[in-house]
Amino acid sequence: MTGPLAPTPTIDLLRAAAELCGPVARRLFAVLAEDYPASLERRPGQLLRAADASAADLDGLLAAAGVASMDDLRLLAAREVGLRLAEPDLRFTSREPRSEPRERSALRRMITAEEDNLRRTLADLQANGALEVAAAALLRARRRWVLGDLKSAGYATLLTSDLTSSMRDVFLVQPATGAAVNAISDAHADDALVVFSFRNYSGLTVDVAREFHALGASVIALTDSYTSPVCSFASHVLAVDTRSESPHHSPTAVAAAAHVLAALAAAGAKGAARRSRRRAEVFRSLGSYGLGRPASDADPGTLGSDGDASGPAAPAADSPGEPGSPLRA
């Protein structure tokens with residue numbers, strides 16, 4: 001580009017929208033107009049930093065101007081001025097020592113890799129029927145246990161939350177020896193265990209899977225390979241593609257596969273809709289959604305600052321014989 005061009009209908013729309021949206025939008029417009037349309041060849045993040053603005057501010061400015069996205073704005077500008085605008089340079093510099101030979105990595109390549117992981121994993125799990133069979137095993141189970149260690153602890157928490165919303169007797173096993181011993185001691189052959197196991201494979205996860213397998217319980221493993229250690233003890237293996245451009249394994253397909261597993265189980269769970277509605281009613285009555293009475297109005301010793309019970313827990317009326325351990329999700 002050789003420099004700014006004469007005003008166009010699009011830049012006039014942006015100017016009018018900025019006047020309506022306030023000072024931050026005016027700063028964004030000033031950055032865009034400074035060398036428009038060459039400014040559109042910069043990364044959106046660079047424009048935001050230059051204007052001291054947020055992504056929401058940029059989206060608001062574009063919406064007020066009747067433009068769907070920065071890509072659409074670039075197309076409009078190119079059509080008006082009759083010039084081809086280069087795509088923004090979506091590169092970043094990695095400071096990871098191990099990546100020095102490939103110091104310049106493309107953000108677009110990372111996003112494409114994540115999309116490919118998700119598409120490939122879900123297509124494979126649908127094609128081989130693994131998700132449906134695993135969901136059926138969860139439905140048949142007397143109790144459902146979920147375990148993830150290291151980074152996988154987050155996946156386990158997410159899955160437990162999803163399962164608890166649609167069915168009873170779901171237990172999150174904390175990744176600690178004492179909690180694992182309690183879970184194994186209370187487990188039954190009619191139970192099911194869901195484990196998350198990715199590199200570097202947690203020894204605790206493999207040991208718990210082995211013990212549940214020895215009991216005769218169903219073990220459902222979400223893992224990155226059919227050769228991972230936990231597969232030796234798994235009744236059902238959900239293989240998830242975790243390849244990544246970064247030094248860490250990708251969580252994208254893992255979270256999606258776990259969510260679909262929970263959704264399939266909920267679809268077949270008797271009374272799932274009634275349970276979900278009842279949970280929503282209880283949350284509202286406790287003020288957890290901000291729709292009930294404020295937490296400050298609650299009885300002392302009943303609710304904590306975040307709406308959780310801080311007093312002794314009442315026994316579950318619909319769950320006789322539950323183990324007396326703090327593993328209840």
Side-chain angles (χ1 to χ4, degrees), residues 1-96 99 102-123 158 241 243-246 248 250-257 259-260 263 289-291:
M1 304 300 299
T2 58
L5 301 177
T8 66
T10 299
I11 200 68
D12 289 339
L13 278 175
L14 288 171
R15 180 183 293 106
E19 291 299 323
L20 290 173
C21 293
V24 179
R26 288 194 288 271
R27 290 202 303 270
L28 271 171
F29 172 75
V31 172
L32 286 167
E34 183 177 356
D35 58 349
Y36 181 86
S39 58
L40 301 181
E41 296 178 344
R42 300 169 66 185
R43 296 195 306 272
Q46 292 175 317
L47 299 174
L48 295 178
R49 287 194 295 271
D52 190 21
S54 69
D57 297 323
L58 179 58
D59 287 342
L61 174 62
L62 294 177
V67 180
S69 66
M70 285 296 292
D71 287 339
D72 285 346
L73 179 60
R74 193 175 299 109
L75 290 174
L76 284 172
R79 189 178 302 125
E80 287 178 342
V81 301
L83 296 173
R84 182 179 181 276
L85 298 177
E87 289 288 322
D89 180 11
L90 296 180
R91 294 184 298 173
F92 67 93
T93 300
S94 172
R95 297 182 183 272
E96 175 66 37
S99 68
R102 300 173 59 193
E103 184 183 5
R104 302 296 287 182
S105 301
L107 177 60
R108 192 180 303 281
R109 186 171 67 244
M110 291 190 67
I111 293 174
T112 300
E114 296 301 320
E115 292 173 341
D116 289 344
N117 281 354
L118 181 59
R119 186 183 306 108
R120 188 163 44 241
T121 294
L122 295 183
L158 286 171
D241 196 332
R243 285 176 287 187
S244 174
E245 294 287 333
S246 79
H248 314 288
S250 167
T252 305
V254 181
H259 176 68
V260 174
Y289 288 160
L291 301 177

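Here the structure is a predicted model, which means the values were calculated and not measured.
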Taking side-chain contact (heavy atoms from CB on, under 4.5 Å) as the definition, give me every residue that meets it alongside Val31, ordered by chain and number, with sequence neighbours left out.
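Partners of Val31 under the side-chain contact (heavy atoms from CB on, under 4.5 Å) test: Arg42, Leu47, Ala50, Ala51.
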Please determine, by modelled atom types, if Ser39 and Glu34 share a side-chain donor-acceptor pair under 3.5 angstrom.
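Side-chain D/A pair, Ser39 to Glu34: absent.
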Looking at every non-hydrogen atom in both residues, tell me the closest pair between [X] and [Y] and how far apart they are.
{"X": "Ala65", "Y": "Leu13", "value": "O-CD1, 3.9 Å"}
{"X": "Asn117", "Y": "Arg243", "value": "ND2-O, 2.5 Å"}
{"X": "Gly60", "Y": "Cys21", "value": "O-SG, 4.2 Å"}
{"X": "Ser69", "Y": "Leu62", "value": "C-CD1, 3.7 Å"}
{"X": "Ala25", "Y": "Ala18", "value": "O-CB, 3.6 Å"}

Intermediate values then yes/no, side-chain contact (heavy atoms from CB on, under 4.5 Å), Asp57 and Arg27:
CA-CA 10 Å; Asp57 297 323; Arg27 290 202 303 270; over 6 Å; no
Evaluation steps, side-chain contact (heavy atoms from CB on, under 4.5 Å), between Leu61 and Leu32
CA-CA 11 Å; Leu61 174 62; Leu32 286 167; 4.2 Å; yes
Heavy-atom check, side chain of Leu28 versus side chain of Leu48, under 4.5 Å:
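In contact.
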Option among Leu118, Asp116, Thr121 that satisfies the side-chain contact (heavy atoms from CB on, under 4.5 Å) test with Asp241:
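With Asp241 as partner, side-chain contact (heavy atoms from CB on, under 4.5 Å) holds for just one option, Thr121.
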When rounded to the nearest 0.5 angstrom, what distance separates [atom1] in [X] from [atom2] in [Y]?
{"X": "Arg26", "Y": "Leu20", "atom1": "CZ", "atom2": "CG", "result": "10.0 Å"}
{"X": "Met70", "Y": "Asp72", "atom1": "CE", "atom2": "CG", "result": "10.5 Å"}
{"X": "Tyr36", "Y": "Leu14", "atom1": "OH", "atom2": "CG", "result": "6.5 Å"}

